[in-house]
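Here is the structure we will look at, set down as structure tokens.
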There are 2 protein chains.
Amino acid sequence: MRVAAEVFADQGYRSATIRDICRRAGTNVASVNYHFGGKAGLYRAVVQSGGAFTSEMAGRLAASGGAAEDRLRAYVEVFLTRVLAEGPCAVHGRIMAREMIEPTEALDQLVDGFIRPEAEMLSLAVGEIVGKDFTREEIRLLCMSVAAQVVFYKHCRPVVERLFPDFRLDSAAVSVLAESITGFSVAGLRGLSAARSTAREAKGKGTPGTAAATRPAARRIAKGRN
Amino acid sequence: MRVAAEVFADQGYRSATIRDICRRAGTNVASVNYHFGGKAGLYRAVVQSGGAFTSEMAGRLAASGGAAEDRLRAYVEVFLTRVLAEGPCAVHGRIMAREMIEPTEALDQLVDGFIRPEAEMLSLAVGEIVGKDFTREEIRLLCMSVAAQVVFYKHCRPVVERLFPDFRLDSAAVSVLAESITGFSVAGLRGLSAARSTAREAKGKGTPGTAAATRPAARRIAKGRN
DNA sequence: CTTCCTTTCAAACACCTGTTTGACACCACG
DNA sequence: CGTGGTGTCAAACAGGTGTTTGAAAGGAAG
């Protein structure tokens with residue numbers, strides 16, 4: 001039921017009431033128990049039915065090849081679109097955001113089905129950009145730094161709106177946001193990669209004098225993981 | 001009441017029940033209505049009483065001077081500590097995170113009282129790092145990119161734990177996370193700043209060629225002076 | 001038409017929510 | 001001792017929750 005997905009999306013599983021859903025849908029309260037076996041069954045059905053849009057986006061994302069930077073940009077754009085989308089096609093993203101704060105049993109299924117594959121795709125692109133001098137744990141942290149910028153605009157939307165009332169946060173803002181996030185992230189990854197390689201080259205000479213030229217921030221990262 | 005703050009923090013205002021709070025606190029259900037005038041009054045009291053710890057952190061943050069990079073690092077560390085802290089001193093951070101997803105009337109007060117001052121502090125540091133070639137809107141976006149990385153570990157904790165079960169996300173991880181976030185952010189800001197300045201210098205000559213400009217820019221940053 | 005099955009509906013059920021009520025105990029103060 | 005105020009308590013209240021129930025309606029097959 002589309003209206004059920006809508007209600008679940010912006011009220012959460014717990015706060016949503018089947019009476020409200022049924023009133024909006026023009027049906028009876030008992031029908032959901034008859035067809036889905038209860039509120040939990042309805043929610044399950046909504047969650048896995050809403051995966052269509054998400055999967056379609058994921059497919060479009062998986063098909064995008066090319067340089068790592070372009071794949072990263074595609075990832076950010078797709079993810080951002082999903083997160084900022086409006087209307088009925090956005091329910092899955094909204095439910096996913098809800099699940100992160102108020103996890104139900106559906107979150108495990110969501111993580112394994114949608115989030116993990118995309119996380120690995122992102123990890124590949126990031127690893128390609130920074131090069132081979134970074135451990136898996138470091139790349140993992142960097143991936144989260146990239147993904148964080150996207151989900152921020154979903155999770156902190158109420159704060160952003162209060163902080164900057166003139167800041168438009170709709171689907172039209174996707175491109176400018178994607179541009180900012182991608183530019184910042186690519187610059188960050190490239191900068192870290194370059195700092196790491198210079199630090200490695202300087203290691204053979206004994207005193208890392210050149211590394212001291214870099215600011216303490218980059219230097220500590222370079223030798224932080226012993 | 002401390003236990004009330006605890007319950008509100010990890011259940012949210014709506015899901016928390018005063019019966020649960022009172023049972024844990026060993027007091028009677030009617031006492032909260034007698035002393036606070038109701039559930040909303042209790043919540044208000046909890047919210048503004050919890051500000052002590054947050055304010056103390058903010059004071060420590062405001063006192064930190066020095067280079068913009070160090071101030072940014074201090075911001076990330078303080079913010080991350082607040083967000084990942086455990087025990088009773090973390091309730092304010094957790095309630096704030098809750099408010100972002102499920103806003104109540106307390107969010108406006110929280111934003112004006114705590115978030116906005118720190119956002120301006122962050123904005124100053126970021127603007128100092130990237131230099132004067134960036135508009136206020138661009139700096140605003142970059143600030144959100146930095147802050148996003150911090151709140152990510154709070155808001156997406158359930159997902160992170162499912163994605164990487166071995167990833168420890170406690171107060172001991174603060175330093176590692178702060179290091180990664182600061183390094184990534186500073187590298188990103190410096191890279192963008194360098195790319196912007198080279199693009200400005202090249203503007204007189206004709207075709208800018210942005211993609212070609214970013215890579216050398218990042219490399220140059222890694223070598224030191226800008 | 002009868003029969004059977006599926007679906008819908010209003011009502012009721014049992015439970016939980018925040019709040020109110022009235023009685024009870026405590027205790028400083030006159 | 002008496003008295004008034006203060007804080008606490010169990011009980012009850014009114015409203016909302018998910019779920020169940022039993023009756024009624026629709027329709028296809030015999």
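In what follows, chains carry the letters A, B, and so on, assigned in the order in which the sequence lines appear, proteins first and then strands, with residues in each chain numbered from 1.
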Worksheet item: Is A16(A) touching bases, backbone alone, or none of the nucleic acid, heavy atoms closer than 4.0 Å?
Response: sugar-phosphate

Response to the item:
Here the distance between atom C1' of dT19(D) and atom OH of Y43(A), to the nearest Å, is 20 Å

Worksheet item: Through what angle, rounded to 10 degrees, does the axis of the helix from dC1(C)-dG30(D) to dG30(C)-dC1(D) turn between its ends, using five pairs per end?
Response: 30°

Worksheet item: How long is the line joining CG of L42(A) and P of dT17(D), in whole Å?
Response: 15 Å

Worksheet entry | Protein-nucleotide distance (N33(B), atom CG; dC9(D), atom P), rounded to Å | 14 Å

Practice prompt. Spell out, as yes or no, whether a donor-acceptor pair under 3.5 Å connects the side chain of S49(B) to the backbone of V46(B).
Written response: yes

Fill in: Rounded distance in Å - NZ (K39(A)) to C1' (dT19(D))
12 Å

Worksheet item: Which pairs count as salt bridge (Lys or Arg N to Asp or Glu O under 4.0 Å) when at least one residue sits in residues 170-179 of chain A, sequence neighbours excluded?
Response: R73(A)-E179(A), R168(A)-D170(A)

Worksheet item: Is there any ring-ring contact (aromatic ring centres under 6.0 Å, His included) pair reaching into residues 144-183 of chain B, and which pairs are they, with sequence neighbours excluded?
Response: H155(A)-H155(B)

Item to complete: Among residues two or more places apart or on two chains, list those pairs meeting ring-ring contact (aromatic ring centres under 6.0 Å, His included) that have a residue in residues 26-50 of chain A.
Response: F8(A)-Y43(A), Y13(A)-Y43(A)

Item to complete: Output all residues satisfying side-chain contact (heavy atoms from CB on, under 4.5 Å) with R157(A), sequence neighbours left out; order by chain, then residue number.
Response: E86(A), E161(A), L169(A)

Worksheet item: Going by an N to O cut-off under 4.0 Å, is there a salt bridge joining E77(A) and R82(A)?
Response: no

Practice prompt. Could you state the atom-to-atom distance from CD of Q11(B) to P of dC16(C) in whole Å?
Written response: 15 Å

Fill in: Test side chain to side chain donor-acceptor pair (under 3.5 Å) applied to T27(A) - qualifying residues, sequence neighbours left out
S31(A)

Worksheet item: What one-letter contact string describes nucleotides 4-13 of chain C from 5' to 3', where B marks a base within less than 4.0 Å of any protein heavy atom, S marks contact via sugar-phosphate atoms alone, and - marks no contact?
Response: --SBBBB-B-

Discussion item. In whole Å, I'd like the distance from the CG atom of D20(A) to the C1' atom of dG18(D).
Written reply: 14 Å

List, one per line, each side-chain donor-acceptor pair under 3.5 Å for residues 120-134 of chain A, sequence neighbours excluded.
| from | atom 1 | to | atom 2 | distance (Å) |
| --- | --- | --- | --- | --- |
| E128(A) | OE1 | R71(A) | NH2 | 3.0 |
| D133(A) | OD1 | R200(A) | NH1 | 3.1 |
| D133(A) | OD2 | R200(A) | NH1 | 3.2 |

Discussion item. What is the separation between atom CZ on R23(B) and atom P on dC9(D), rounded to the nearest whole Å?
Written reply: 15 Å

Worksheet entry | Gap between atoms CD1 and C1', on I18(A) and dT17(D) respectively (whole Å) | 8 Å

Worksheet item: Residues two or more places apart in sequence or in another chain: which of them pass side chain to side chain donor-acceptor pair (under 3.5 Å) with R140(B)?
Response: none

